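Reviewing the structure listed below.
Order of the sequence lines sets the chain letters (A, B, ...), proteins ahead of strands, with each chain counted from 1. None of these values were measured; they are calculated from a predicted model.
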Protein chains: 2
Amino acid sequence: MNDNQTNAEQLILQAARKIFIEKGMEGARMQEIADEAGINKALLHYYFRSKDKLFQAVFLEAFQKFLPQIEMLLKSELPFIQKLELFIKNYISIMIENPYIPGFVLHELTQNPQRLAELLKNHVVVMPEFLTQLQNEINNGVIKPVDPRQIMINSLALCIFPFVARPIIQTVFFGNDAETYNAFLEQRKTSVYNFIKSAIFIEKP
Amino acid sequence: MNDNQTNAEQLILQAARKIFIEKGMEGARMQEIADEAGINKALLHYYFRSKDKLFQAVFLEAFQKFLPQIEMLLKSELPFIQKLELFIKNYISIMIENPYIPGFVLHELTQNPQRLAELLKNHVVVMPEFLTQLQNEINNGVIKPVDPRQIMINSLALCIFPFVARPIIQTVFFGNDAETYNAFLEQRKTSVYNFIKSAIFIEKP
DNA sequence: TCTATTTTTGACCACTTGGTTAAATCATTT
DNA sequence: AAATGATTTAACCAAGTGGTCAAAAATAGA
């Protein structure tokens with residue numbers, strides 16, 4: 001019960017995170033994770049029983065990094081426009097700090113969709129309420145009459161896509177210069193918000 | 001030189017397409033592809049020398065399914081607003097017909113970014129012209145003053161994301177009902193266009 | 001210090017992987 | 001029908017793969 005125990009476990013998790021996110025579940029090798037952590041391969045199985053268990057630990061950690069922020073905003077009592085602004089700015093900020101997680105989560109969830117059901121059992125049940133609030137704004141003539149789900153999905157798309165497609169976009173539009181692209185992503189915090197606002201709010205005459 | 005030759009080759013490509021798109025490069029097994037094609041595993045290596053070569057054939061085919069449409073539109077002499085509409089409707093249509101290709105291409109390109117440089121050598125050099133045209137519309141006061149790249153990337157995001165994140169969106173917003181989601185995607189052909197138009201065009205008083 | 005427990009390791013295993021090969025089958029030409 | 005060349009196969013292989021295990025090393029308790 002020394003603190004090397006926790007130390008090794010954290011070392012493994014850290015290494016596993018890096019390799020899994022880089023190579024995916026199928027592409028990652030236990031030996032590579034062990035090397036990255038600077039320990040013996042058998043130790044991986046001592047702390048986490050199998051590759052699958054280790055992967056699940058990493059995946060869950062990554063997934064949950066984003067969920068609380070979404071829930072907090074969906075549950076809050078703010079007016080819609082403020083929720084929208086907060087959501088976009090927070091969400092993009094988290095992604096700038098964890099740029100490889102969105103693609104990782106998206107791919108692994110596509111590869112193994114039944115996992116999603118498990119993950120969502122305890123979360124995001126508040127979504128309907130949020131969609132209702134949006135529908136109310138439409139009924140009040142504040143927002144243009146569009147399917148609220150289209151608006152919701154458009155917002156997600158505009159936030160997430162630049163991270164999921166980063167290698168392509170960075171190459172095609174930014175001469176593969178990471179710094180320029182980072183600045184571009186930073187700008188999107190306000191750019192995306194303005195874009196959506198212009199798209200859905202009805203201009204007062 | 002009988003026509004079984006082409007027949008077997010097509011059979012293999014068809015099977016490889018299915019398995020690779022389903023499982024990715026790392027997850028796919030040569031044996032599984034052979035079984036799917038109903039032939040011996042050694043025959044895969046007879047027609048395509050290695051797993052990597054076979055994968056490249058499948059990937060290139062998938063990638064090129066979308067590129068010509070983009071180029072055609074970018075190169076055309078149409079006014080911007082018409083280009084935009086055509087692009088969105090065509091692009092979403094192709095994706096509805098090939099719904100699993102976007103995620104496949106995106107993931108494999110993220111996993112192996114250096115491949116992108118090779119692929120783009122002969123393509124999409126017209127992008128700057130298009131961005132210039134967009135900038136002109138801004139200068140003429142037709143479009144709001146926003147970074148043209150933001151507009152371009154927003155358009156791509158709105159088109160592509162619903163296919164890349166299909167399993168999640170379909171589950172969270174549509175009770176995992178594929179038919180409903182297909183109808184939703186169909187609606188997006190006009191919905192996305194209207195969304196972008198409202199977002200960027202300046203209303204005439 | 002001696003003992004008991006936990007942590008770490010090297011060697012090992014059964015199994016799967018992509019890939020090869022020599023022989024068999026099939027089709028074509030003579 | 002015989003020879004030739006292209007196609008297909010079963011059997012095989014070396015190199016990994018995730019995973020195990022007994023023993024060593026480190027640690028904690030007495």
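A salt bridge is absent between B/R115 and B/E108: the closest approach of a Lys/Arg side-chain nitrogen to an acidic carboxylate oxygen does not fall below 4.0 angstrom.
Comparing D/dA10, D/dG18, C/dG10 by their nearest atom to the side chain of B/A42 picks out D/dA10. Residue A/I39 has its side chain nearest to C/dT9 when only D/dG18, C/dT8, C/dT9 are considered.
Relative to the six-membered ring of B/Y193, B/K89 meets both conditions, a distance below 6.0 Å and an angle of at most 45° to the axis.
Note on B/L44: nothing from the nucleic acid sits closer than 4.0 angstrom, heavy atoms only. If you check every strand for non-hydrogen atoms under 4.0 Å, A/A34 touches nothing.
In this model, the phosphate group of C/dT8 is approached by a side-chain N or O of A/Y47 to a distance below 4.0 Å at OP1 or OP2. At C/dT16, none of the side-chain N or O atoms of B/R29 fall inside 4.0 Å of OP1 or OP2 (strictly under the cut-off).
To the nearest angstrom, C1' of D/dT7 lies 11 Å from CD1 of B/I12. Between A/D52 atom CG and D/dG19 atom C1' the separation is 13 Å, expressed in whole Å. In this structure, A/E26 atom CD and D/dG18 atom P are separated by 10 Å, rounded to whole Å. Nucleotide D/dT8 holds its C1' atom 15 Å from the CG atom of B/D35, rounded to whole Å. Straight-line distance from the CZ atom of B/R49 to the P atom of C/dG18: 17 Å, rounded to whole Å. If you measure from atom NE2 of A/H45 to atom P of C/dC13, you get 17 Å, rounded to the nearest angstrom. Protein atom CG of B/N40 is 10 Å distant from nucleotide atom P of D/dT8, rounded to whole Å. Note: CG (A/L43) to P (C/dG10) measures 11 Å, nearest angstrom.
Contact check for A/V172 versus B/L120: side-chain heavy atoms found under the 4.5 Å cut-off.
The base of D/dG19 sits within donor-acceptor range of the side chain of A/K41, with an N or O pair under 3.5 Å.
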Please lay out, stage by stage, how A/F161 and B/F161 fare under the test ring pair (Phe, Tyr, Trp, His ring centres under 6.0 Å).
CA-CA 6 Å; A/F161 185 77; B/F161 185 77; 7.3 Å; no
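Two rings, from B/F66 and B/Y91, have their centers less than 6.0 Å apart.
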